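Only a predicted model underlies this, so the values are computations on that prediction, with no experimental measurement involved.
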Amino acid sequence: MATSGLVLGANDSGSWIWWDWVGRHGDTLYSAGREHVVLTFWAVAIGLAIALPLGVAAWRWRRLLPFVLGLSGAIYTVPSLALFALLVPVTGLGRATAEIGLVGYTLLILARNVVAGLDAVPADVREAALGLGFTPARLLVQVELPLAVPAIVAGVRIATVTTIGLVTVTALIGQGGFGQLIYDGLVRDFRTPLVLGTALSVALATAADVGLVLVERLLTPWSRSRGRAVP
């Protein structure tokens with residue numbers, strides 16, 4: 001863990017000399033940013049890999065919908081620090097604990113948007129495809145899921161921004177990221193890493209949100225003139 005060894009020099013305590021500190025800890029900032037991005041990327045990617053089939057199944061077989069959304073919603077309501085603490089006796093203080101907790105928080109957002117996206121597919125489009133002889137599987141892959149992309153990407157955007165914020169908490173179980181800067185700033189009563197870690201986390205969330213908006217527009221060019229299906 002690169003940032004767990006963040007060392008504040010003897011002259012750092014209480015200092016507001018931002019650029020001097022940045023100049024001396026550039027490698028630490030880079031490592032924290034890389035850890036933050038890696039944790040976020042895998043949490044959202046694994047969450048989407050789980051939520052996509054779950055959302056499709058819950059939409060196709062409505063009896064599953066209360067179970068899928070209820071279970072993922074129950075996880076979402078658990079305070080993040082409490083969830084990580086509950087996982088530690090099972091999975092230990094490591095990357096697995098952080099990723100399991102983060103993935104759990106993405107499931108409700110992603111599964112709900114998959115269902116919302118499929119619900120938004122126009123009935124006449126679905127009927128036209130069935131009239132052309134599409135099987136249910138072909139209808140799902142070639143018609144329904146492509147039309148649900150705006151809602152799914154909107155869910156990925158929200159899940160990504162939420163996860164970037166939650167990753168700061170994983171510093172308390174030794175997973176670094178910008179949360180390590182915030183944690184060390186609090187412990188050492190040194191405001192520069194605290195404020196810098198917070199600002200970089202917000203900047204990363206903003207950049208990810210803007211980047212995913214661009215991805216959404218590239219994947220759904222037809223939505224530019226109609227507006228987005230799910231705000």
Side-chain angles (χ1 to χ4, degrees), residues 37-78 99-167 202 204-231:
V37 170
V38 169
L39 280 167
T40 301
F41 173 81
W42 284 113
V44 176
I46 296 171
L48 183 60
I50 297 172
L52 186 58
L54 274 181
V56 171
W59 174 77
R60 183 76 75 184
W61 297 286
R62 288 285 172 169
R63 291 182 180 178
L64 294 177
L65 188 59
F67 174 76
V68 171
L69 297 185
L71 179 60
S72 55
I75 297 173
Y76 199 79
T77 59
V78 179
E99 291 291 5
I100 291 172
L102 294 171
V103 167
Y105 284 113
T106 68
L107 292 181
L108 176 63
I109 300 169
L110 294 170
R112 179 168 288 177
N113 274 55
V114 170
V115 173
L118 292 172
D119 276 341
V121 176
D124 55 347
V125 173
R126 189 175 288 118
E127 291 172 1
L130 290 172
L132 291 173
F134 280 45
T135 63
R138 187 183 174 194
L139 175 67
L140 176 68
V141 173
Q142 295 188 359
V143 178
E144 292 169 330
L145 283 177
L147 290 175
V149 164
I152 296 173
V153 176
V156 171
R157 283 175 50 209
I158 298 170
T160 300
V161 171
T162 302
T163 302
I164 288 172
L166 287 172
V167 167
V202 171
L204 180 61
T206 303
D209 189 49
V210 172
L212 286 169
V213 168
L214 296 176
V215 170
E216 177 186 342
R217 292 186 177 183
L218 288 173
L219 292 175
T220 59
W222 64 85
S223 68
R224 296 173 193 167
S225 59
R226 296 186 311 179
R228 302 217 304 270
V230 175

Worksheet item: Is Asp119 salt-bridged to Arg62, going by a charged N under 4.0 Å from an acidic O?
Response: yes
Taking atom [atom1] of [X] and atom [atom2] of [Y], what is their separation to the nearest 0.5 Å?
X      : Y      : atom1 : atom2 : result
Ile164 : Leu39  : CD1   : CG    : 11.0 Å
Leu145 : Leu139 : CG    : CG    : 9.5 Å
Ile50  : Leu107 : CD1   : CG    : 5.5 Å
Arg138 : Leu132 : CZ    : CG    : 8.0 Å
Leu204 : Thr40  : CG    : OG1   : 6.0 Å
Ile158 : Leu108 : CD1   : CG    : 10.5 Å

Worksheet item: Between Tyr76 (side chain) and Leu71 (backbone), is there a donor-acceptor pair under 3.5 Å?
Response: no
Discussion item. Keeping Asn113 on the side-chain end and Ala151 on the backbone end, is there a donor-acceptor pair under 3.5 Å?
Written reply: yes
Check whether any side-chain heavy atom of [X] lies under 4.5 Å from a side-chain heavy atom of [Y], and answer yes or no.
X      : Y      : answer
Arg60  : Glu144 : yes
Val143 : Phe134 : yes
Ile152 : Leu48  : yes
Thr160 : Asp209 : no

I need the minimum non-hydrogen distance between [X] and [Y], along with the two atoms involved.
X      : Y      : value
Leu110 : Gly47  : CD1-C, 3.5 Å
Gly117 : Ala148 : C-CB, 3.5 Å
Val56  : Val114 : N-CG1, 3.8 Å
Arg126 : Leu118 : NH2-O, 3.3 Å
Tyr105 : Ile75  : CE2-O, 3.6 Å
Val103 : Thr106 : O-OG1, 2.7 Å

